[in-house]
Amino acid sequence: MTLDQLLKNIKPILVAGSTAVDITGINIDSRKIMPGHLFVAIKGTQTDGHQYIEKAIQSGAAAILCEDLPTQQEDVTYIQVASTEDAVGKVATLFYGDPTSKLKLVGVTGTNGKTTIATLLYNMFRKLGYKCGLLSTVCNYIEDEQLPTSHTTPDPIELNQLLGKMVDAGCEYAFMECSSHAIAQKRIGGLKFTGGIFTNLTRDHLDYHKTFENYRDAKKAFFDSLPKGAFAIINADDKNGSYMVQNCKATIKTYSTRTMADFMAKILECHFEGMYLDIDRHEVGVQFIGKFNVSNLLAVYGAAVMLGEKTEDILVVMSTLKSVNGRLDPVRSPEGFTAIVDYAHTPDALENVLNAIHEVLNGKGQVITVCGAGGNRDKGKRPLMAQEAVKQSDKVIITSDNPRFEDPQDIINDMLAGLDKQQMKKVLSIVDRKEAIRTACMMAKKGDVILVAGKGHEDYQEIKGVKHHFDDKEILRDIFAEH
């Protein structure tokens, strides 16, 4: 594809050199540049791509897309734009054949529930007989092919490449999580969405967004960009739902477990094995627990309706769906207590999971919570997480999560700082996560529930820049096998 074809959706400030050159690839990483590639220099949070323009040219870059022109220009074409972050998605979309014009793409955004909703939609539509792709925190899929993931939403080039492969594989639908980082950094720029789903909004990622308002407005920008022919489904039980769609041109639908909405549900019965629900006056048994999962299932149901599926077909498939790996994931002990592994790593996610456990326990057993907080992330949520754990647990063990480059004890101290003397009476702190889980198992009796929160599907612990193998479910099974 020629450079001038790639530039038709952007407005350059200046073009120096010929745009008739053939472009054989696009990259934002100078180390991946090959002869004929377009190098896009992006001012990232960690490093500035403009520093690597010369290296990209040495590797054979045919053109440079940048915000600041180098003082010394080599014999390649330079395209100067106001924002490379904004331009790269539009260029990548064209290079990979505009994949989202050839399949129906549904994006899910919000603080919690993104992975569950996107994955359940992918599983549902496959069971309904469609070829589908999935882009999520846990894994990317093109039909049965599993592809590893490093971010909730890949960079625009990788994203369009993956979507292009989905089109090549005959996929009719793609379901993806849209993180606040991805929206703010224009990683989804240039994509055409058939629909968008808003789950909820609580404090998270303030290390990046700085204020809750910035975080909220990043999510809102996704709905602002939806086209007229798309749909937007919002959680009416979240006060931010209506704010999200203030400037939305798409068809707006609501879902709720508490108030009048387009899609409504209530719990009829609840057990650790699942629930019986009333969804829009239809009874259905599901293999999930917790009110927050009722909301997730309603979002899935609403999206399927908006995509043209029949209610009866949707509910039949919904009854067969299983929970996402690492989300309210139970491991039974030989001693008769239940351990639940969950990804909950925000105060409200902990509240939701603990509420779900109490709904089933109904006062007939104790709850022991093992949790920590990630290093080099929003420190403000640490004491709030400890408070939430203590409020709804009989005993709490504060431990390491992914300390990254912080001292684990410092993170634990930040969490403990949110507790008063009375609350501290039910709290232990054990830095070693495996020992923390083992201690919880020693404390638990028949009928009790241990919640191991924070890591969920993750099979590693990140310490000083190194990922060490660590899987909460494996640890639990090993401990149970010792008895």
Side-chain angles (χ1 to χ4, degrees), residues 106 108-121 123-124 195-202 204 219 223 231-245 251-307 309 311-312 314-324 327-328 340 342-344 346-362 388 391-392:
V106 177
V108 187
T109 196
T111 305
N112 300 308
K114 296 187 296 295
T115 301
T116 296
I117 292 169
T119 305
L120 292 183
L121 279 166
N123 290 333
M124 172 177 280
I197 298 168
F198 169 72
T199 61
N200 49 54
L201 200 70
T202 57
D204 202 13
K219 300 285 190 188
F223 293 95
F231 64 81
I233 301 175
I234 59 166
N235 184 358
D237 295 335
D238 188 289
K239 63 185 180 184
N240 295 289
S242 56
Y243 179 82
M244 290 291 143
V245 291
T251 300
I252 298 163
K253 297 288 181 180
T254 57
Y255 64 93
S256 173
T257 61
R258 299 201 298 258
T259 188
M260 289 297 293
D262 296 298
F263 308 112
M264 293 163 32
K266 64 180 178 180
I267 299 171
L268 302 176
E269 281 183 43
C270 188
H271 316 275
F272 271 126
E273 290 71 34
M275 300 178 284
Y276 282 101
L277 305 178
D278 179 310
I279 294 182
D280 281 355
R281 298 181 183 175
H282 295 83
E283 258 188 57
V284 60
V286 296
Q287 300 174 56
F288 297 81
I289 64 167
K291 285 179 182 172
F292 71 97
N293 266 327
V294 181
S295 290
N296 291 337
L297 290 167
L298 262 180
V300 170
Y301 171 79
V305 169
M306 295 305 291
L307 289 167
E309 298 303 307
T311 298
E312 294 77 10
I314 297 168
L315 295 178
V316 166
V317 172
M318 189 176 282
S319 68
T320 69
L321 297 175
K322 290 181 169 58
S323 182
V324 176
R327 304 301 197 272
L328 269 173
I340 289 177
D342 194 89
Y343 189 52
T346 62
D348 76 299
L350 267 178
E351 179 186 13
N352 286 337
V353 172
L354 286 164
N355 276 339
I357 290 168
H358 283 293
E359 284 164 24
V360 180
L361 268 183
N362 202 20
E388 200 56 59
K391 187 167 73 178
Q392 294 206 69

Report the distance from atom CD of E359 to atom NZ of K291, rounding to the nearest 0.5 Å.
5.5 Å
With I314 as partner, the option from V300, V305, V284 fulfilling side chain to side chain contact (heavy atoms under 4.5 Å, CB included) is V305
Pairwise distance CG(L315) to CD(E283) - rounded to 0.5 angstrom:
11.0 Å
CD1 on I233 to CD1 on I117, rounded to 0.5 Å:
9.5 Å
Which atom of N293 lies closest to which atom of I289, heavy atoms considered
ND2-O, 2.9 Å
Tell me the closest heavy-atom pair linking L350 and A344, and the distance in Å.
N-CB, 3.8 Å
List the atom of I357, the atom of F272, and the distance in Å for their closest heavy-atom pair.
O-CZ, 4.3 Å
With no hydrogens and no angle check, just 3.5 Å: does a side-chain donor-acceptor pair link N352 and N355?
no
Taking every non-hydrogen atom, the tightest pair across G285 and Y276:
CA-CD2, 3.8 Å
Once you round to the nearest 0.5 Å, how far does CG of L321 lie from CG of L120?
5.5 Å
Any donor-acceptor N or O pair under 3.5 Å, side chains T257, D237
yes
Looking at every non-hydrogen atom in both residues, tell me the closest pair between H358 and Q392 and how far apart they are.
NE2-O, 2.7 Å
Do Y301 and D280 have side-chain heavy atoms sitting under 4.5 Å apart?
yes
Please check this pair: side chain of T119 against backbone of T116, looking for a donor-acceptor N/O pair closer than 3.5 Å.
no
Check whether S323 reaches the backbone of R327 with its side chain - one donor and one acceptor, N or O, closer than 3.5 Å.
yes
Side-chain donor/acceptor of D238 to backbone N/O of L201, under 3.5 Å:
yes
Worked verdict on L307 versus F231 for side-chain contact (heavy atoms from CB on, under 4.5 Å)
CA-CA 9 Å; L307 289 167; F231 64 81; 3.8 Å; yes
Check: K114 side chain, V108 main-chain N or O, donor-acceptor pair, under 3.5 Å:
no
Show your working on side-chain contact (heavy atoms from CB on, under 4.5 Å) between K253 and M306 and close with a plain yes or no.
CA-CA 9 Å; K253 297 288 181 180; M306 295 305 291; 3.8 Å; yes
Distance col, row M264:CE vs T254:OG1, nearest 0.5 angstrom, shows 9.5 Å
Going by heavy atoms in the side chains, are M318 and I279 under 4.5 Å from each other?
yes
Under 3.5 Å, is there a donor-acceptor pair between the side chain of N240 and the main chain of Y243?
no
Side chain of T199, backbone of N112: donor and acceptor closer than 3.5 Å?
yes
I need the F292 CZ to L297 CG distance, nearest 0.5 Å.
10.0 Å
Show the nearest heavy-atom pair for residues S242 and I234, with the distance to one decimal.
N-CD1, 4.0 Å
Could you check whether any side-chain heavy atom of V286 comes within less than 4.5 Å of a side-chain heavy atom of L277, counting everything from C-beta outward?
yes
